[in-house]
Number of protein chains: 2
Amino acid sequence: MKKEKPSYLYVKDELVKKIENGDFEVGSKLPSEIKMAKYFNVSRETFRSAVKKLEQEGKVVVKRGVGTFVSSPLSTIPSSLENLWSIGSLIRSAGLKEGEHRESITTVPCKKEWSEKLSCEPQSEVIKHERIRTADGEPVVYSINFLPKKVLGAFFNNENFSGSLLNYLKSNCGISIVRADTELSVPLHTDKYCQKLLIHPSTTVVLLKQLHYDEINRPILYSYDYLRNDVFKFWIRRTLTN
Amino acid sequence: MKKEKPSYLYVKDELVKKIENGDFEVGSKLPSEIKMAKYFNVSRETFRSAVKKLEQEGKVVVKRGVGTFVSSPLSTIPSSLENLWSIGSLIRSAGLKEGEHRESITTVPCKKEWSEKLSCEPQSEVIKHERIRTADGEPVVYSINFLPKKVLGAFFNNENFSGSLLNYLKSNCGISIVRADTELSVPLHTDKYCQKLLIHPSTTVVLLKQLHYDEINRPILYSYDYLRNDVFKFWIRRTLTN
DNA sequence: CAGTGGTCTAGACCACCGC
DNA sequence: CGGTGGTCTAGACCACTGC
């Protein structure tokens, strides 16, 4: 037996079907909430929950005192930046097969820039984790991660420390990274990490400086990720905030 | 008399105050919804609406069957990319005063790349609008906008066609741009528009290719915006999607 | 098992919009 | 003014979590 889904989600899916099906034309007004609630045999609030979801997804526009209108479908955009993904899954979603990646792990004293972001003591011990990812034998990503030793606590274990860092943190330390504040920039050609990726004349490189947070917004991990722009595309869906 | 705000927003603001005030510590569990609803003298659903808002803003974490927990405050990030702003307001928020901007407006036949994005006929008439923005006498932004003549309809008026394009569309054509799909990339040094901005050796340039939509997601405007990265910073708050 | 959040209802009143 | 969405209630039952 399949688990039954909440009825507001059921209603939402039905509405999506009707829209995709052309039962409701783009730009047209839906029947009033009261009518629709009766039609679906749910209460008005339940129907409204469904509409709220659709509104969040940009599939309908609700105008107070006027009505609810169908908007045209937006194409789904690939690996959108506002979603947080691991570099590994980015590589896979670009249709590449991750090749050899060289790593180095050292313990270094915390520099001022990182200590401010990670809110830990300057000079305290920080694990610095560097790696190059390759695809088809060519380097495509260079990343440097800074992880205060204190957040790992007793869990630090040099041996398991590879693969997806986010997975490592979750399974070994019980820390879930769910958010990151990312500054996106273009490194100079003279940047030594950038240079490791400048293989072809048509290559450009994007640098993501990312501060990763756990569920309750504690800063956990600071990283520099250099990504080749001829290999990866960066999309954002931007919305007007009222 | 001030207008009264809905009580769920009042409750939300009170909760924020209590959190900032330290009445609820970071990481601690809030009293149950039933208790809090009684405390605020509202129904449980109303209290829940307040909590939902806070959850969206990342200020609390709700765990089913367990409780609602306070998360630490996230710093507000400046001119975050997932918000849609006009270039003019970006310049102002960077603390710069917009100087002279040179413009050119021509009508050109639609090229394939734009026609696909704008879903209009190839070779149909498109208004091409170019401008350079300056600050302190130096160019900081180069932008090129493509606007199918048919979306303007009878409203096209060469004379008023300056200043904020988004404002122009709203006031003259009744079109509100509320969303954009943006591809962020690093142009090559050989790009002729990019070169117009490469003044200093430490300058790098970001290119935003943006397709702007109106309320019901009709593509309206396609633009290339070249922005100097030594002048502007680009932030994104990324979130794990479940 | 007890306690928590998740869903749902039926009805009420209000605020806004266009005519 | 009539019709629309926005808020609110009091109570109900369910699903999940941790002990």
* Do the numbers put A:R92 on top of the ring of A:W85, so that NZ or CZ is under 6.0 Å from the six-membered ring centre and no more than 45° off the axis? -> no
* Counting only heavy atoms not in A:E25, do more than 12 fall under 6.0 Å of its CD? -> no
* To do: May I ask you to evaluate whether A:S7 reaches the phosphate of C:dC8, defined as a side-chain N or O under 4.0 Å from OP1 or OP2?
  =>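 Yes, because at least one side-chain N or O of A:S7 sits under 4.0 Å from OP1 or OP2 of C:dC8.
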* **Under 4.0 angstrom between A:R48 side-chain N/O and D:dG6 OP1 or OP2** =>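 Looking at the OP1 and OP2 atoms of D:dG6, one of them is under 4.0 Å from a side-chain N or O of A:R48.
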Residue [X], side-chain heavy atoms: nucleotide from [options] that is nearest:
X     : options              : value
A:E33 : D:dC8, D:dA15, D:dG6 : D:dG6
A:Y8  : C:dC16, C:dC8, C:dT4 : C:dC8
A:S32 : C:dG5, D:dT4, C:dT4  : D:dT4

* Asked: More 5' along DNA chain C: A:S43 or A:R64, using each one's nearest nucleotide?
  ->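 The residue mapped nearer the 5' terminus is A:S43.
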* To do: By nearest nucleotide on DNA chain D, pick out whichever of A:T68 and A:E45 is the more 5' one.
  =>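 On the 5' side of the pair lies A:T68.
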* Along DNA chain D (nearest heavy atom to each residue), the more 5'-positioned of A:G65 and B:T46 -> A:G65
* Asked: With sugar-phosphate meaning primed atoms plus P, OP1 and OP2, does B:V42 contact a base, only sugar-phosphate, or nothing at under 4.0 Å between heavy atoms?
  ->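 Counting heavy atoms under 4.0 Å across all strands, the contact made by B:V42 is with sugar-phosphate only.
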* Contact class for B:S49 (heavy atom, under 4.0 Å): base, sugar-phosphate, or nothing? -> nothing
Measure [atom1]/[X] against [atom2]/[N] and give the value in whole Å, please.
X     : N      : atom1 : atom2 : answer
B:R44 : D:dG11 : CZ    : P     : 14 Å
B:K5  : D:dT7  : NZ    : P     : 13 Å
B:K29 : C:dT4  : NZ    : C1'   : 7 Å
B:F47 : D:dT7  : CZ    : C1'   : 17 Å
A:L9  : D:dA15 : CG    : C1'   : 14 Å
A:K52 : D:dG5  : NZ    : C1'   : 11 Å
A:I34 : C:dA12 : CD1   : P     : 12 Å
A:L54 : D:dG5  : CG    : C1'   : 15 Å

Validation: residues 117-126 of chain A side-chain donor-acceptor distances under 3.5 Å, sequence neighbours left out:
residue	atom	partner	partner atom	Å
A:S124	OG	A:E121	O	2.5

* Option among B:T182, B:D181, B:N145 that satisfies the side chain to side chain donor-acceptor pair (under 3.5 Å) test with B:Q210 -> B:T182
* To do: Indicate the ring-plane relationship of A:F146 and A:Y224, choosing parallel, tilted or perpendicular according to the 30° and 60° boundaries.
  =>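 Ring orientation, 0 to 90° scale: perpendicular.
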